[in-house]
Number of protein chains: 2
Amino acid sequence: MHDGTPSSQTPAADVTERLGYRLKRAAAALRSAMDRALREYGLTVPQYACLELLDQRPGLSNAELARGTFVTRQSMNVVLRGLQDAGLITRPATTDRGRALPAHLTKEGHRRLAAARSAVYAIDQRMTDAVPEQRLAEILADLDHMAAALDG
Amino acid sequence: MHDGTPSSQTPAADVTERLGYRLKRAAAALRSAMDRALREYGLTVPQYACLELLDQRPGLSNAELARGTFVTRQSMNVVLRGLQDAGLITRPATTDRGRALPAHLTKEGHRRLAAARSAVYAIDQRMTDAVPEQRLAEILADLDHMAAALDG
DNA sequence: CTTTTCATGTCAGGACTTTGACATACACGG
DNA sequence: CCGTGTATGTCAAAGTCCTGACATGAAAAG
């Protein structure tokens with residue numbers, strides 16, 4: 001090598017040694033584990049993500065929820081309708097100010113979220129425990145930098 | 001706290017500070033960037049992943065490719081048919097030994113992969129450059145451990 | 001005030017992925 | 001030889017997600 005390129009990393013010949021592959025693998029494992037766990041509670045992963053976000057920040061609109069869960073407005077629209085039909089959230093049909101319709105958890109929504117949350121937390125913890133404790137903060141920061149470098 | 005649980009990490013109150021959220025965020029950014037880049041070459045992410053895997057290990061069967069790209073056999077079946085219709089891979093209609101049908105890249109498949117590869121590599125490199133160089137190996141290992149802890 | 005720009009909600013269509021199911025092919029132990 | 005178990009390829013149906021498009025409401029610019 002020694003070609004003076006800014007990135008001195010030698011590009012891994014094997015695809016499985018590249019960051020993208022590993023990231024995809026870990027994310028697929030997480031998605032799969034969450035799917036399995038949430039099925040017992042009658043929720044899908046996007047539905048759970050939506051409930052969780054809505055619990056922390058009540059009154060979020062469809063578009064805001066979509067950005068917060070990394071899906072399109074259209075996808076979130078479907079998710080919200082499903083949650084609404086299931087009676088887990090409420091959303092006003094109209095609004096005075098603007099077009100954004102603020103969503104809120106119902107009592108049943110809070111119950112369902114609380115039940116599912118423990119299962120999801122257990123998965124997250126299993127994953128967290130799999131890495132050296134003192135490196136967790138670094139990993140969180142690195143994942144952040146990776147994401148920022150890509151959507152920039 | 002001080003409850004004596006094996007995991008001494010304090011569970012982050014904010015969802016966005018948990019490993020699962022960050023992992024999902026980074027993976028979503030990667031997926032999005034790859035989608036954008038690959039569209040110029042007429043490929044989807046699963047199609048590209050399939051071609052890449054098939055280039056490194058020619059003769060893989062549908063089921064083996066599915067496992068290697070973290071999708072179901074059924075999904076990979078659709079992908080393979082698409083690639084076959086596009087003339088990027090070939091697959092025998094029958095086989096003497098077993099049921100597995102070994103797939104191979106066509107000349108056009110190699111060409112298309114070579115073209116798309118540079119774009120994907122650039123994305124991977126952008127992501128790799130976003131983290132401290134001396135920590136790359138650790139991150140790769142940690143992602144591996146996380147995945148292993150979940151599908152175990 | 002009018003026009004432009006932007007964000008939002010929604011519809012339509014298509015692509016992708018999954019679960020569930022079935023049939024085929026091989027390996028093993030009876 | 002025959003049943004069991006495992007692995008594979010495929011079909012069908014449903015759910016999920018995306019791109020593209022359109023209309024509405026608000027804010028900014030002219």
Side-chain angles (χ1 to χ4, degrees), chain A residues 24 27-51 59-86 89-103 151, chain B residues 24 27-51 59-86 89-103 151:
Chain A
K24 182 177 176 182
L30 174 60
R31 173 71 184 234
S32 171
M34 285 184 66
D35 264 327
R36 266 197 309 272
L38 286 173
R39 191 167 318 139
E40 302 176 31
Y41 301 95
L43 292 174
T44 65
V45 171
Q47 283 176 338
Y48 166 78
C50 180
L51 291 181
L60 252 43
S61 71
N62 176 28
E64 291 169 318
L65 287 166
R67 282 193 293 269
T69 57
F70 318 113
V71 298
T72 60
R73 281 174 314 192
Q74 294 87 331
S75 296
M76 182 51 69
N77 199 350
V78 176
V79 171
L80 281 183
R81 201 165 338 189
L83 289 173
Q84 212 163 354
D85 292 347
I89 68 165
T90 58
R91 219 166 32 143
T94 63
T95 177
D96 306 347
R97 186 73 177 169
R99 293 196 74 197
L101 305 174
D151 36 60
Chain B
K24 182 178 177 182
L30 174 60
R31 173 70 182 235
S32 171
M34 286 185 65
D35 263 328
R36 267 197 310 271
L38 286 173
R39 191 168 319 138
E40 301 177 31
Y41 301 94
L43 291 175
T44 65
V45 170
Q47 283 176 338
Y48 167 78
C50 180
L51 291 181
L60 250 45
S61 71
N62 176 27
E64 291 169 318
L65 287 166
R67 280 192 294 268
T69 57
F70 318 114
V71 298
T72 60
R73 283 175 316 200
Q74 293 88 329
S75 297
M76 182 50 69
N77 199 349
V78 176
V79 172
L80 281 183
R81 201 165 338 189
L83 289 173
Q84 212 164 352
D85 290 348
I89 68 164
T90 57
R91 220 164 33 140
T94 63
T95 176
D96 305 348
R97 186 72 178 167
R99 292 197 76 196
L101 305 174
D151 37 59

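A note on names: the letters A, B, ... follow the listed sequences, proteins ahead of strands, and every chain is numbered from 1. Values reported hereafter were calculated over all heavy atoms of this structure, with side chains retained and with hydrogens, waters and symmetry mates removed.
Rounded to whole Å, the distance from CZ on A/Arg31 to P on C/dT17 is 12 Å. In this structure, CG of B/Leu65 is placed 13 Å from C1' of D/dG9, rounded to the nearest angstrom. The interatomic distance linking B/Glu64 (CD) with D/dT8 (P) rounds to 6 Å, in whole Å. C/dT10 atom P lies 7 Å from atom CG of A/Asn62, rounded to whole Å. What separates CD of B/Gln47 from C1' of D/dC18 is a distance of 15 Å, to the nearest Å. For the pair B/Leu80 CG and C/dC16 P, the interatomic distance rounds to 13 Å; values are reported in whole Å. Between A/Phe70 atom CZ and D/dC18 atom C1' the separation is 17 Å, expressed in whole Å. In this structure, CG of A/Asp96 is placed 14 Å from C1' of D/dA26, rounded to the nearest angstrom.
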ask   = Going through the checks in order, is the salt bridge (charged side-chain N to carboxylate O under 4.0 Å, His left out) test met by B/Asp35 and B/Arg31?
value = CA-CA 6 Å; B/Asp35 263 328; B/Arg31 173 70 182 235; 3.4 Å; yes
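Checking the phosphate oxygens (OP1, OP2) of D/dT10, a side-chain nitrogen or oxygen of B/Arg91 falls inside 4.0 Å. Contact annotation: B/Arg97 reaches the phosphate of C/dA27 (side-chain N/O to OP1 or OP2, under 4.0 Å). Put simply, B/Arg81 has a side-chain N or O that comes within less than 4.0 Å of OP1 or OP2 on D/dC11. Close to D/dG9, at under 4.0 Å from its OP1 or OP2, lies a side-chain N or O of B/Ser61. Note on A/Arg39: a side-chain N or O is less than 4.0 Å away from OP1 or OP2 of C/dT19. For the OP1/OP2 pair of C/dC16 and a distance below 4.0 Å, the side-chain nitrogens and oxygens of B/Thr44 include at least one atom meeting the criterion. Taking only side-chain nitrogens and oxygens, B/Thr72 never comes nearer than 4.0 Å to OP1 or OP2 of C/dT17. Between C/dT18 and B/Ser75, a contact under 4.0 Å exists linking OP1 or OP2 to a side-chain N or O. Between B/Arg99 and D/dT6 there is no side-chain N or O to OP1 or OP2 distance below 4.0 Å.
Of all heavy-atom pairs spanning A/Val79 and A/Cys50, the tightest one is CG1-CB, 4.3 Å.
Evaluation of atom-type donor-acceptor distances gives a pair under 3.5 Å for the side chain of B/Gln74 against the base of C/dG20.
Looking only at side-chain heavy atoms (C-beta outward), A/Ile89 and A/Leu51 come within less than 4.5 Å of each other. B/Thr69 has its side chain out of reach of B/Pro46: every pair of non-hydrogen atoms, C-beta onward, lies at least 4.5 Å apart. Looking at A/Asn62 and A/Arg91, their side chains come closer than 4.5 Å, going by heavy atoms from C-beta outward.
A donor-acceptor pair shorter than 3.5 Å cannot be found between the side chains of B/Thr95 and B/Arg99.
Among the heavy atoms of the strands, none lies under 4.0 Å from B/Arg36.
Each of C/dG9, D/dT10, C/dT17 was ranked by its minimum atom distance to the side chain of A/Asn77; first place goes to C/dG9. Distance from the side chain of A/Arg73 is smallest for C/dT10 among the nucleotides C/dC16, D/dC18, C/dT10.
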